[in-house]
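In what follows, a single structure is set out as structure tokens and then discussed.
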Amino acid sequence: MNAVPRAQAAPAGSRLAALNAWVDEVAALTRPDRVHWCDGSDEEYASLVAGMLADGTLVELDQATHPGCYLHRSDPDDVARVEHLTFVCSRERDDAGPNNHWMAPEQAHARMDALFEGCMRGRTLYVVPYCMGPIDSPLARCGVEITDSPYVVANMRLMTRMGADALARIERDGAQGRPFVRGLHSIGELDPDRRFIMHFPEELAIKSYGSGYGGNALLGKKCHALRIASWQARQEGWLAEHMLILGLEDPQGATHYIAAAFPSACGKTNLAMLIPPESYRERGWKVWTVGDDICWMHPGQDGRLWAINPEAGYFGVAPGTSARTNPNALAMIQRDTIYTNVAVTEDNQPWWEGLDKRVPALDWRGRPFDPANGPAAHPNARFTVSARQCPSWSPRAEDPNGVPISAIVFGGRRSTVMPLVFEARDWAHGVRVGAAMGSETTAAATGTVGVMRRDPMAMKPFCGYHFGDYFAHWLSFDRPGAKLPKIFHVNWFRKDEDGRFLWPGFGENMRVLEWIVGRVEGAADAVDSPIGLLPAPHMLDLDGLDVSAETMRQLLYVDAEELASGSGWAADLPPPSQH
Ligand code: O2Y
Ligand code: MN
């Protein structure tokens with residue numbers, strides 16, 4: 001084989017022989033014109049952006065109103081994660097479980113390597129060292145993504161700790177025998193028929209071909225931090241979860257950290273960045289954002305669960321984000337943000353449905369906007385932005401020891417049956433509550449609206465192993481000496497008989513969070529019900545809120561028969577009282 005040029009820019013290669021050997025091996029297979037080791041510097045980012053502006057991968061947005069903001073229009077056939085093409089390739093089929101597509105590792109490698117053969121001819125191979133979690137955290141884990149997409153590199157720089165510091169940590173880890181996750185990615189021909197996302201958990205490896213979009217291509221996110229990490233976490237005794245992390249500071253200055261799992265399209269980013277109602281702000285309540293999507297929780301010496309957000313940025317859904325739903329998010333994406341598949345206004349500002357009353361000039365495909373073509377922004381249009389730009393960003397997101405979790409919250413979009421909030425009786429009951437999670441689909445997620453989709457712990461697309469083993473792993477945390485968080489379930493989406501939402505949601509969800517931390521502190525009362533513990537009468541602070549007593553009754557109503565029949569909650573499981 002011909003020699004492939006090693007690095008073109010500093011740092012040229014690594015002190016870790018295993019990493020150099022893998023890069024050489026991949027370069028020999030994929031035949032790039034150039035190899036570039038990413039250092040994560042501002043200069044490197046600027047040069048990547050300049051290259052993408054020159055070849056049309058990025059379009060500059062109005063730099064006066066949105067400095068440092070760019071628009072990427074993806075291939076119209078490459079606009080979302082592809083669950084049907086995502087595989088867990090464990091040696092034993094049973095280890096992947098019925099919740100994953102499975103392929104034997106040898107077969108999967110052969111299939112992928114045939115696709116990768118020569119695929120980077122004429123392109124640059126980027127070596128992207130990244131760290132998931134604060135660089136010096138014992139809870140963090142590292143990976144290297146090899147990709148031929150400068151758009152992926154730029155996004156990885158916003159979403160992870162990427163570059164020279166990560167490489168140094170990978171080398172330190174390597175010297176102590178701790179491996180890095182190997183992620184190989186090529187956009188290939190962007191052909192949906194030649195697209196696969198393969199995970200090899202026993203080898204700590206990922207191979208992704210044929211997509212340049214989000215979860216398919218930014219391998220640190222769903223592939224590493226959830227599918228591979230959940231497998232690793234089971235082996236090492238921790239939890240890698242699809243959860244936001246927020247800190248709730250009370251008027252006395254004490255902060256409780258809450259981890260919350262919701263399926264896609266249930267407002268995780270909005271909850272993570274919640275701004276409390278004015279009456280709460282006046283009293284000194286604050287919400288701090290640690291993470292909006294992924295949470296790694298490790299049992300600490302003190303028996304509590306300590307959590308980090310492995311990510312350093314947000315890859316949030318743009319449509320629906322507005323001054324009403326999430327003012328913090330809107331503020332953070334005014335600068336230094338990559339937008340993907342949004343529309344633009346006549347004066348070249350990013351726009352999406354729900355933002356404001358302006359009209360779009362070009363839709364997400366760059367065509368003059370015509371309502372007959374559908375929405376102006378793609379429903380899965382995204383912004384990528386550094387987490388530090390969020391006005392509610394918590395400096396504790398950089399704490400190498402993480403934050404102690406006081407409460408875990410599960411939730412879903414349920415128009416009936418599920419009350420606004422309830423508390424599980426104990427850890428085992430809470431695990432069962434998470435395992436029974438479900439959510440009604442929205443137009444953004446699928447073609448069919450309002451269909452109940454079971455999504456245990458919001459991990460259905462992301463658990464890298466058998467769900468039976470996963471639930472057993474969760475149950476194993478309840479052991480002597482453990483000081484586990486209390487577990488709750490919330491439902492912001494219950495409707496009345498006319499189909500109107502009963503609860504105002506957004507910032508008003510603060511009232512439910514207050515009851516949750518009140519329960520953690522032993523200061524708030526609850527009453528028993530067939531589903532779990534509900535807020536005792538008058539325990540939710542409704543001051544200043546226009547919600548009638550009858551509406552509250554409906555929001556907290558629990559019907560034992562409805563639960564046990566047809567609701568999907570308990571029809572096929574023993575009732576909670578038997579646990
Ligand atoms: O469609 C994609 O590739 C993005 S999916 C995503 C992105 C950010 C956070 N969560 C999700 C998700 O599907 O849960
Ligand atoms: Mn997610």
Heavy-atom donor-acceptor pair, E241 side chain to I294 backbone, under 3.5 Å: no
Closest approach of V144 and Y130, non-hydrogen atoms and distance? N-CE2, 3.6 Å
Using the rule given for side-chain hydrogen bond (donor to acceptor under 3.5 Å, both in side chains), can you reason through N216 versus S208, listing the C-alpha separation, both sets of side-chain angles and the distance that settles it, and then say yes or no? CA-CA 7 Å; N216 302 329; S208 166; over 6 Å; no
Taking the side chain as every heavy atom from C-beta outward, state whether R182 and F200 have any atom pair closer than 4.5 Å. no
Between F87 and H101, what is the ring plane arrangement, given parallel below 30°, perpendicular above 60°, and tilted in between? tilted
Between OG on residue S41 and CE on residue M162, distance to nearest 0.5 Å: 8.5 Å
Measure the spacing between CG of L167 and SG of C142 and express it to the nearest 0.5 Å. 9.5 Å
Mind running side chain to side chain contact (heavy atoms under 4.5 Å, CB included) on N341 and N380 for me, showing each step along the way? CA-CA 8 Å; N341 291 346; N380 196 31; over 6 Å; no
Hey, what do you get for OG1 (T321) to CG (N270), rounding to the nearest 0.5 Å? 6.0 Å
Here the gap from S386 atom OG to D336 atom CG, rounded to the nearest 0.5 Å, amounts to 8.5 Å
Could you tell me whether a side-chain N or O of D78 sits under 3.5 Å from a main-chain N or O of S74, the two making a donor and an acceptor? no
Nearest heavy-atom contact between P105 and E203 is CB-OE2, 4.2 Å
Short side-chain to backbone donor-acceptor contact, S186 and Y209, under 3.5 Å: no
Does a side-chain heavy-atom distance below 4.5 Å link R453 with P263? no
Minimal heavy-atom distance between E353 and A377, with the atoms involved, is OE1-N, 3.1 Å
If we only count heavy atoms from C-beta on, is the V317 to T269 side-chain gap below 4.5 Å? no
Go through the steps to decide whether E202 and W231 satisfy the test side chain to side chain contact (heavy atoms under 4.5 Å, CB included), and finish with yes or no. CA-CA 9 Å; E202 284 125 338; W231 177 290; 3.7 Å; yes
Does atom CZ of R15 have more than 12 heavy-atom neighbours from other groups under 6.0 Å away? no
Pairing residues for R324 by the salt bridge (Lys or Arg N to Asp or Glu O under 4.0 Å) criterion, not counting sequence neighbours: none
Who are the salt bridge (Lys or Arg N to Asp or Glu O under 4.0 Å) partners of R111, not counting sequence neighbours? none
Measure the CE-CD1 distance between M132 and I308 for me, rounded to the nearest 0.5 Å. 8.5 Å
Quick check: does any side chain N or O of T86 sit under 3.5 Å from a backbone N or O of I197, one acting as donor and the other as acceptor? no
CA sep, side-chain torsions, deciding dist, call: H242, D293, side chain to side chain contact (heavy atoms under 4.5 Å, CB included): CA-CA 6 Å; H242 190 201; D293 196 41; 3.0 Å; yes
Taking T325 for its side chain and G320 for its backbone only, find out whether a donor-acceptor pair lies under 3.5 Å. yes
May I have all residue pairs that pass salt bridge (charged side-chain N to carboxylate O under 4.0 Å, His left out) and include part of residues 126-142, sequence neighbours excluded? D136-R172, R141-E236
Which atoms form the tightest heavy-atom contact between R123 and G188, and what is the distance? NH2-O, 2.9 Å
Looking at E189, I want to see if its CD is surrounded by more than 12 non-hydrogen atoms of other residues, nucleotides or ligands under 6.0 Å. yes
Does K222 pair with E83 as a salt bridge, N-O distance under 4.0 Å? no
Dump the intermediate steps for side-chain hydrogen bond (donor to acceptor under 3.5 Å, both in side chains) on H224 and E145, then the final yes or no. CA-CA 10 Å; H224 178 163; E145 174 165 358; over 6 Å; no
Decide yes or no on side chain to side chain contact (heavy atoms under 4.5 Å, CB included) for W37 and L19, but give the supporting numbers first. CA-CA 11 Å; W37 289 69; L19 174 53; 3.7 Å; yes
Checking side-chain hydrogen bond (donor to acceptor under 3.5 Å, both in side chains) for the pair S394/Y257: CA distance, chi angles, key distance, verdict? CA-CA 11 Å; S394 167; Y257 292 92; 4.6 Å; no
Does D42 come within less than 4.0 Å of R157, counting only side-chain N to carboxylate O? yes
Do R73 and L362 have side-chain heavy atoms sitting under 4.5 Å apart? yes
Under the 3.5 angstrom rule, does the side chain of N20 hit a backbone N or O of S14 as a donor-acceptor pair? yes
Answer yes or no: is there a donor N or O on one side and an acceptor on the other, between the side chain of Q389 and the main chain of R335, under 3.5 Å? yes
Is it the case that the side chain of S322 and the backbone of L355 share a donor-acceptor pair, with hydrogens and angles ignored and the cut-off at 3.5 Å? no
Can you tell which of W296, Y465, F462, W238 makes a side chain to side chain contact (heavy atoms under 4.5 Å, CB included) with S230? Y465
Indicate whether the side chain of N328 and that of W393 have a donor and an acceptor atom separated by less than 3.5 Å. no
Output all residues satisfying salt bridge (Lys or Arg N to Asp or Glu O under 4.0 Å) with D399, sequence neighbours left out; order by chain, then residue number. R396
Heavy-atom check, side chain of L48 versus side chain of H36, under 4.5 Å: no
Nearest 0.5 Å, what's the CG-SG distance between L226 and C295? 10.0 Å
Between D165 and R169, is a salt bridge (charged side-chain N to carboxylate O under 4.0 Å, His left out) present by the stated rule, with each step listed? CA-CA 6 Å; D165 291 349; R169 160 129 190 196; over 6 Å; no
Donor-acceptor check, side chain of H185 to backbone of D148, threshold 3.5 angstrom: yes or no? no
For D193, which residues count as a side chain to side chain contact (heavy atoms under 4.5 Å, CB included) partner, sequence neighbours excluded? D191
Salt bridge (Lys or Arg N to Asp or Glu O under 4.0 Å) with R365: which residues, sequence neighbours excluded? none
Can you find a pair of side-chain heavy atoms, one from T340 and one from H72, that are under 4.5 Å apart? yes
Looking only at atom types and distance, does a side-chain atom of R161 sit under 3.5 Å from a main-chain N or O of C131, one as donor and one as acceptor? no
